[in-house]
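Heads up: the structure comes next, in C-alpha coordinates.
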Amino acid sequence: MPRRARLTLPNLPLHIIQRGNNRQACFFAGEDYQWYLRWLGEYARQAGCRVHAYVLMTNHVHLLLSADRADAAGQLMKALGQRYVQYVNRTYQRSGTLWEGRFRSCLTQEDAYLLTCQRYIELNPVRADMASHPADYRWSSYRANAQGEADPVVTPHPLYTALGADASARLAAYRELFRFELEPGLVDEIRRATNGNFALGNERFAAQVSSVLGRRATPGKSGRPRQMPKLDSGGLFDDP
(Lines give C-alpha, C1' and ligand atoms only; values in the text may rest on other atoms or scores of the structure.)
Protein backbone atom coordinates (compact mmCIF):
# COMPACT_ATOMS: atom_id res chain seq x y z
CA MET A 1 0.00 0.00 0.00
CA PRO A 2 1.56 3.34 -1.02
CA ARG A 3 2.30 5.71 1.82
CA ARG A 4 0.37 8.96 2.04
CA ALA A 5 2.05 11.98 0.51
CA ARG A 6 3.26 14.46 3.09
CA LEU A 7 1.15 17.60 3.59
CA THR A 8 3.41 20.56 2.85
CA LEU A 9 2.77 24.06 1.55
CA PRO A 10 5.17 26.99 1.12
CA ASN A 11 5.43 29.33 4.13
CA LEU A 12 2.95 27.40 6.28
CA PRO A 13 4.48 26.16 9.56
CA LEU A 14 5.31 22.48 9.73
CA HIS A 15 5.70 20.56 12.99
CA ILE A 16 8.22 17.73 12.54
CA ILE A 17 9.11 14.74 14.72
CA GLN A 18 12.02 12.46 13.93
CA ARG A 19 12.63 9.51 16.24
CA GLY A 20 15.53 7.20 16.81
CA ASN A 21 15.13 3.71 15.35
CA ASN A 22 13.10 1.52 17.72
CA ARG A 23 12.93 4.52 20.10
CA GLN A 24 16.65 4.11 20.77
CA ALA A 25 18.91 7.00 21.71
CA CYS A 26 20.27 9.22 18.96
CA PHE A 27 22.24 11.62 21.19
CA PHE A 28 24.91 10.28 23.51
CA ALA A 29 27.02 13.27 24.61
CA GLY A 30 26.86 17.05 24.68
CA GLU A 31 28.94 17.29 21.52
CA ASP A 32 26.31 15.31 19.62
CA TYR A 33 23.61 17.91 20.36
CA GLN A 34 26.00 20.72 19.42
CA TRP A 35 26.88 19.19 16.07
CA TYR A 36 23.23 18.46 15.27
CA LEU A 37 22.24 22.08 15.97
CA ARG A 38 25.15 23.39 13.95
CA TRP A 39 24.11 21.32 10.93
CA LEU A 40 20.43 22.09 11.49
CA GLY A 41 21.15 25.79 11.13
CA GLU A 42 23.43 25.24 8.13
CA TYR A 43 21.08 23.01 6.13
CA ALA A 44 18.00 25.04 7.06
CA ARG A 45 19.57 28.11 5.47
CA GLN A 46 20.58 26.14 2.39
CA ALA A 47 17.09 24.68 1.96
CA GLY A 48 15.24 27.95 2.55
CA CYS A 49 13.76 26.90 5.90
CA ARG A 50 13.21 29.06 8.98
CA VAL A 51 13.27 27.22 12.31
CA HIS A 52 10.95 28.82 14.88
CA ALA A 53 11.26 26.27 17.69
CA TYR A 54 13.07 23.01 18.44
CA VAL A 55 13.89 20.53 21.14
CA LEU A 56 16.44 17.71 21.00
CA MET A 57 15.40 14.88 23.31
CA THR A 58 17.52 11.82 23.98
CA ASN A 59 15.82 9.67 21.35
CA HIS A 60 13.87 12.09 19.16
CA VAL A 61 13.73 15.62 17.77
CA HIS A 62 10.93 18.17 17.42
CA LEU A 63 11.14 21.06 14.96
CA LEU A 64 8.71 23.80 14.01
CA LEU A 65 9.66 25.50 10.77
CA SER A 66 8.43 27.38 7.72
CA ALA A 67 9.88 26.90 4.26
CA ASP A 68 10.02 28.82 1.01
CA ARG A 69 9.11 25.72 -1.04
CA ALA A 70 6.92 22.72 -0.40
CA ASP A 71 9.85 20.30 -0.76
CA ALA A 72 12.32 22.30 1.34
CA ALA A 73 11.61 20.58 4.66
CA GLY A 74 12.19 17.16 3.09
CA GLN A 75 15.49 18.34 1.62
CA LEU A 76 16.56 19.73 4.99
CA MET A 77 15.73 16.57 6.91
CA LYS A 78 17.42 14.32 4.34
CA ALA A 79 20.68 16.29 4.32
CA LEU A 80 20.68 16.77 8.10
CA GLY A 81 19.83 13.14 8.83
CA GLN A 82 22.52 11.77 6.55
CA ARG A 83 25.19 14.12 7.89
CA TYR A 84 24.35 13.33 11.50
CA VAL A 85 24.22 9.55 10.96
CA GLN A 86 27.66 9.68 9.34
CA TYR A 87 28.97 11.58 12.36
CA VAL A 88 27.42 9.16 14.89
CA ASN A 89 28.61 6.05 13.05
CA ARG A 90 32.13 7.42 12.77
CA THR A 91 32.31 8.74 16.33
CA TYR A 92 30.88 5.66 18.04
CA GLN A 93 32.19 3.06 15.60
CA ARG A 94 28.77 1.78 14.71
CA SER A 95 26.92 1.07 11.47
CA GLY A 96 23.39 0.87 10.21
CA THR A 97 20.38 3.10 10.55
CA LEU A 98 19.86 5.62 13.32
CA TRP A 99 16.47 7.13 12.49
CA GLU A 100 13.03 5.54 12.42
CA GLY A 101 12.28 5.76 8.70
CA ARG A 102 10.39 8.85 7.53
CA PHE A 103 10.03 11.82 9.80
CA ARG A 104 6.46 12.66 10.82
CA SER A 105 4.89 16.05 10.35
CA CYS A 106 1.75 18.18 10.27
CA LEU A 107 0.89 21.51 8.71
CA THR A 108 0.04 23.95 11.50
CA GLN A 109 -2.54 26.72 11.40
CA GLU A 110 -0.70 29.91 12.25
CA ASP A 111 -3.12 32.11 14.19
CA ALA A 112 -4.68 29.39 16.31
CA TYR A 113 -1.90 26.85 16.79
CA LEU A 114 1.59 28.17 16.04
CA LEU A 115 2.48 29.50 19.49
CA THR A 116 0.70 26.54 21.09
CA CYS A 117 2.88 24.20 19.04
CA GLN A 118 5.97 26.11 20.13
CA ARG A 119 4.93 25.64 23.76
CA TYR A 120 4.28 21.94 23.12
CA ILE A 121 7.78 21.54 21.71
CA GLU A 122 9.63 23.50 24.37
CA LEU A 123 7.67 21.84 27.21
CA ASN A 124 8.70 18.35 26.09
CA PRO A 125 11.52 18.01 28.66
CA VAL A 126 9.09 18.99 31.45
CA ARG A 127 6.49 16.41 30.36
CA ALA A 128 9.28 13.81 30.20
CA ASP A 129 10.44 14.70 33.75
CA MET A 130 13.85 15.71 32.41
CA ALA A 131 13.51 19.27 33.72
CA SER A 132 11.28 21.12 36.15
CA HIS A 133 11.11 24.17 33.86
CA PRO A 134 11.86 24.53 30.13
CA ALA A 135 14.63 27.03 30.92
CA ASP A 136 16.49 24.24 32.74
CA TYR A 137 16.84 22.17 29.58
CA ARG A 138 19.77 23.19 27.43
CA TRP A 139 18.85 21.68 24.07
CA SER A 140 15.75 23.62 23.11
CA SER A 141 14.77 27.00 21.68
CA TYR A 142 13.11 28.15 24.93
CA ARG A 143 16.05 30.23 26.10
CA ALA A 144 16.09 32.08 22.78
CA ASN A 145 12.33 32.61 22.56
CA ALA A 146 11.68 33.34 26.25
CA GLN A 147 14.97 34.73 27.58
CA GLY A 148 16.55 36.36 24.56
CA GLU A 149 19.67 34.19 24.39
CA ALA A 150 21.44 34.31 21.05
CA ASP A 151 20.66 31.22 18.97
CA PRO A 152 21.68 31.15 15.30
CA VAL A 153 19.22 28.33 14.61
CA VAL A 154 16.07 30.25 15.56
CA THR A 155 14.22 32.62 13.24
CA PRO A 156 11.20 34.18 15.00
CA HIS A 157 7.85 33.76 13.28
CA PRO A 158 5.89 37.00 12.63
CA LEU A 159 3.26 35.92 15.18
CA TYR A 160 5.98 35.67 17.80
CA THR A 161 7.34 39.09 16.80
CA ALA A 162 3.83 40.53 17.17
CA LEU A 163 3.72 39.57 20.86
CA GLY A 164 5.30 42.88 21.84
CA ALA A 165 6.44 46.26 20.57
CA ASP A 166 10.07 45.54 21.50
CA ALA A 167 12.26 42.59 22.47
CA SER A 168 11.65 43.00 26.20
CA ALA A 169 7.87 43.02 25.77
CA ARG A 170 7.97 40.01 23.44
CA LEU A 171 10.07 37.97 25.85
CA ALA A 172 7.78 38.80 28.76
CA ALA A 173 4.66 37.96 26.76
CA TYR A 174 6.15 34.67 25.61
CA ARG A 175 7.14 33.67 29.15
CA GLU A 176 3.60 34.43 30.25
CA LEU A 177 2.35 31.71 27.88
CA PHE A 178 4.23 29.14 29.98
CA ARG A 179 2.55 29.96 33.28
CA PHE A 180 0.14 27.09 32.71
CA GLU A 181 0.56 23.61 31.29
CA LEU A 182 -1.05 22.65 28.00
CA GLU A 183 -4.39 20.92 28.32
CA PRO A 184 -4.08 17.12 27.86
CA GLY A 185 -6.63 17.18 25.05
CA LEU A 186 -4.57 19.73 23.15
CA VAL A 187 -1.41 17.68 23.62
CA ASP A 188 -3.24 14.65 22.21
CA GLU A 189 -4.51 16.70 19.26
CA ILE A 190 -1.00 17.80 18.34
CA ARG A 191 0.31 14.25 18.64
CA ARG A 192 -2.48 12.79 16.48
CA ALA A 193 -2.00 15.36 13.76
CA THR A 194 1.78 14.96 13.67
CA ASN A 195 1.86 11.17 13.84
CA GLY A 196 -0.90 10.90 11.23
CA ASN A 197 0.36 13.54 8.78
CA PHE A 198 -2.82 15.61 9.15
CA ALA A 199 -3.53 19.33 9.32
CA LEU A 200 -3.34 20.82 12.81
CA GLY A 201 -6.04 23.46 12.99
CA ASN A 202 -9.77 24.05 12.84
CA GLU A 203 -12.15 22.50 10.31
CA ARG A 204 -11.91 25.44 7.93
CA PHE A 205 -8.12 25.23 7.86
CA ALA A 206 -8.22 21.47 7.21
CA ALA A 207 -10.73 21.99 4.39
CA GLN A 208 -8.57 24.66 2.80
CA VAL A 209 -5.47 22.44 2.95
CA SER A 210 -7.44 19.55 1.44
CA SER A 211 -8.76 21.75 -1.37
CA VAL A 212 -5.36 23.20 -2.26
CA LEU A 213 -3.51 19.86 -2.17
CA GLY A 214 -6.35 17.76 -3.56
CA ARG A 215 -6.16 15.13 -0.84
CA ARG A 216 -7.41 14.39 2.65
CA ALA A 217 -5.93 16.44 5.50
CA THR A 218 -7.90 14.87 8.37
CA PRO A 219 -8.32 11.28 9.63
CA GLY A 220 -10.43 9.21 7.27
CA LYS A 221 -13.85 7.80 8.07
CA SER A 222 -15.24 4.42 7.18
CA GLY A 223 -17.24 4.19 4.00
CA ARG A 224 -16.87 5.77 0.62
CA PRO A 225 -14.82 9.00 0.72
CA ARG A 226 -16.66 12.12 -0.31
CA GLN A 227 -15.16 14.73 -2.55
CA MET A 228 -13.81 17.88 -0.95
CA PRO A 229 -15.59 21.07 -2.03
CA LYS A 230 -13.57 23.52 -4.08
CA LEU A 231 -12.90 26.67 -2.09
CA ASP A 232 -12.34 30.14 -3.44
CA SER A 233 -8.61 30.83 -3.49
CA GLY A 234 -9.15 34.36 -2.27
CA GLY A 235 -8.24 34.88 1.38
CA LEU A 236 -6.62 31.47 1.60
CA PHE A 237 -6.01 30.41 5.21
CA ASP A 238 -7.58 33.57 6.61
CA ASP A 239 -9.93 33.19 9.55
CA PRO A 240 -13.60 33.75 8.65
Side-chain angles (χ1 to χ4, degrees), residues 5-20 26-27 29-57 60-91 98-110 113-115 117-122 124-125 134 137-163 166-167 170-171 174 194 197 200 237:
R6 197 180 304 283
L7 300 179
T8 58
L9 286 169
N11 299 312
L12 275 185
L14 192 70
H15 175 218
I16 289 173
I17 301 177
Q18 186 157 43
R19 298 189 181 278
C26 43
F27 299 100
E31 292 82 0
D32 303 342
Y33 297 91
Q34 292 171 352
W35 280 112
Y36 186 95
L37 289 175
R38 177 177 176 176
W39 291 324
L40 171 60
E42 176 183 337
Y43 289 121
R45 288 187 292 272
Q46 291 181 11
C49 295
R50 299 168 296 283
V51 179
H52 311 306
Y54 68 82
V55 67
L56 311 186
M57 304 295 282
H60 68 284
V61 172
H62 288 262
L63 306 175
L64 181 65
L65 57 84
S66 303
D68 294 334
R69 306 180 317 278
D71 62 347
Q75 292 179 358
L76 161 63
M77 297 305 291
K78 180 179 179 179
L80 175 61
Q82 290 177 345
R83 181 72 177 270
Y84 185 72
V85 169
Q86 292 170 359
Y87 158 80
V88 168
N89 287 351
R90 182 177 66 251
T91 301
L98 180 69
W99 303 112
E100 181 190 64
R102 299 177 82 208
F103 65 87
R104 303 183 183 190
S105 64
C106 66
L107 277 175
T108 303
Q109 186 178 10
E110 292 176 312
Y113 282 84
L114 181 120
L115 293 176
C117 197
Q118 287 199 187
R119 290 168 60 206
Y120 170 83
I121 289 170
E122 293 171 353
N124 246 262
Y137 192 75
R138 181 178 179 184
W139 310 112
S140 89
S141 53
Y142 179 84
R143 295 183 183 185
N145 288 323
Q147 298 178 335
E149 289 192 7
D151 190 333
V153 174
V154 175
T155 300
H157 188 276
L159 285 177
Y160 169 88
T161 305
L163 287 174
D166 55 33
R170 285 191 291 273
L171 295 172
Y174 191 74
T194 310
N197 182 31
L200 176 62
F237 304 118

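Treat the numbers as computed from the prediction; the structure is a model and nothing was measured.
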Note, [X] side chain near [Y] side chain (heavy atom, < 4.5 Å):
{"X": "L63", "Y": "M77", "answer": "yes"}
{"X": "R83", "Y": "W35", "answer": "no"}
{"X": "M57", "Y": "W139", "answer": "no"}
{"X": "L200", "Y": "Y120", "answer": "no"}
{"X": "V61", "Y": "Y36", "answer": "yes"}

**Study point:** Short side-chain to backbone donor-acceptor contact, T8 and D71, under 3.5 Å
**Key:** no
**Study point:** Backbone of Q86 reached by a side-chain donor or acceptor of N89 within 3.5 Å
**Key:** no
**Study point:** Proximity of W39 and Y87 rings by center, below 6.0 Å
**Key:** yes
Check your understanding: Can the ring centres of Y174 and Y160 be said to be less than 6.0 Å apart?
Key -> yes
What is the minimum heavy-atom distance between [X] and [Y], and which atoms define it?
{"X": "C117", "Y": "T108", "result": "CB-CG2, 4.4 Å"}
{"X": "C26", "Y": "V88", "result": "O-CG2, 4.4 Å"}
{"X": "N197", "Y": "A5", "result": "ND2-O, 2.9 Å"}
{"X": "A67", "Y": "A73", "result": "CB-N, 4.4 Å"}
{"X": "L114", "Y": "L64", "result": "O-CD2, 3.8 Å"}
{"X": "V154", "Y": "A144", "result": "CG2-CB, 4.2 Å"}

**Study point:** ring pair (Phe, Tyr, Trp, His ring centres under 6.0 Å) partner of Y84, the single match among F27, Y43, Y33
**Key:** F27
Practice item. Please lay out, stage by stage, how L40 and L56 fare under the test side-chain contact (heavy atoms from CB on, under 4.5 Å). Key: CA-CA 11 Å; L40 171 60; L56 311 186; 5.5 Å; no
Just checking, any donor-acceptor pair under 3.5 angstrom between side chains of [X] and [Y]?
{"X": "H15", "Y": "T194", "result": "yes"}
{"X": "R119", "Y": "N145", "result": "no"}
{"X": "S66", "Y": "H52", "result": "yes"}
{"X": "E110", "Y": "H157", "result": "yes"}

Rounded to the nearest 0.5 Å, what's the gap from [atom1] on [X] to [atom2] on [Y]? Could you check?
{"X": "T155", "Y": "R45", "atom1": "OG1", "atom2": "CZ", "value": "8.5 Å"}
{"X": "S105", "Y": "H62", "atom1": "OG", "atom2": "NE2", "value": "13.0 Å"}
{"X": "C49", "Y": "L65", "atom1": "SG", "atom2": "CG", "value": "5.0 Å"}
{"X": "R19", "Y": "R102", "atom1": "CZ", "atom2": "CZ", "value": "15.5 Å"}
{"X": "S141", "Y": "I121", "atom1": "OG", "atom2": "CD1", "value": "7.0 Å"}
{"X": "R170", "Y": "L163", "atom1": "CZ", "atom2": "CG", "value": "8.5 Å"}

Exercise for review: Please assess N124 against H60 for the test side-chain contact (heavy atoms from CB on, under 4.5 Å), listing each intermediate value before the final yes or no.
Suggested key: CA-CA 11 Å; N124 246 262; H60 68 284; 3.7 Å; yes
**Study point:** Check against side-chain contact (heavy atoms from CB on, under 4.5 Å), N11 and D68
**Key:** CA-CA 6 Å; N11 299 312; D68 294 334; 3.9 Å; yes
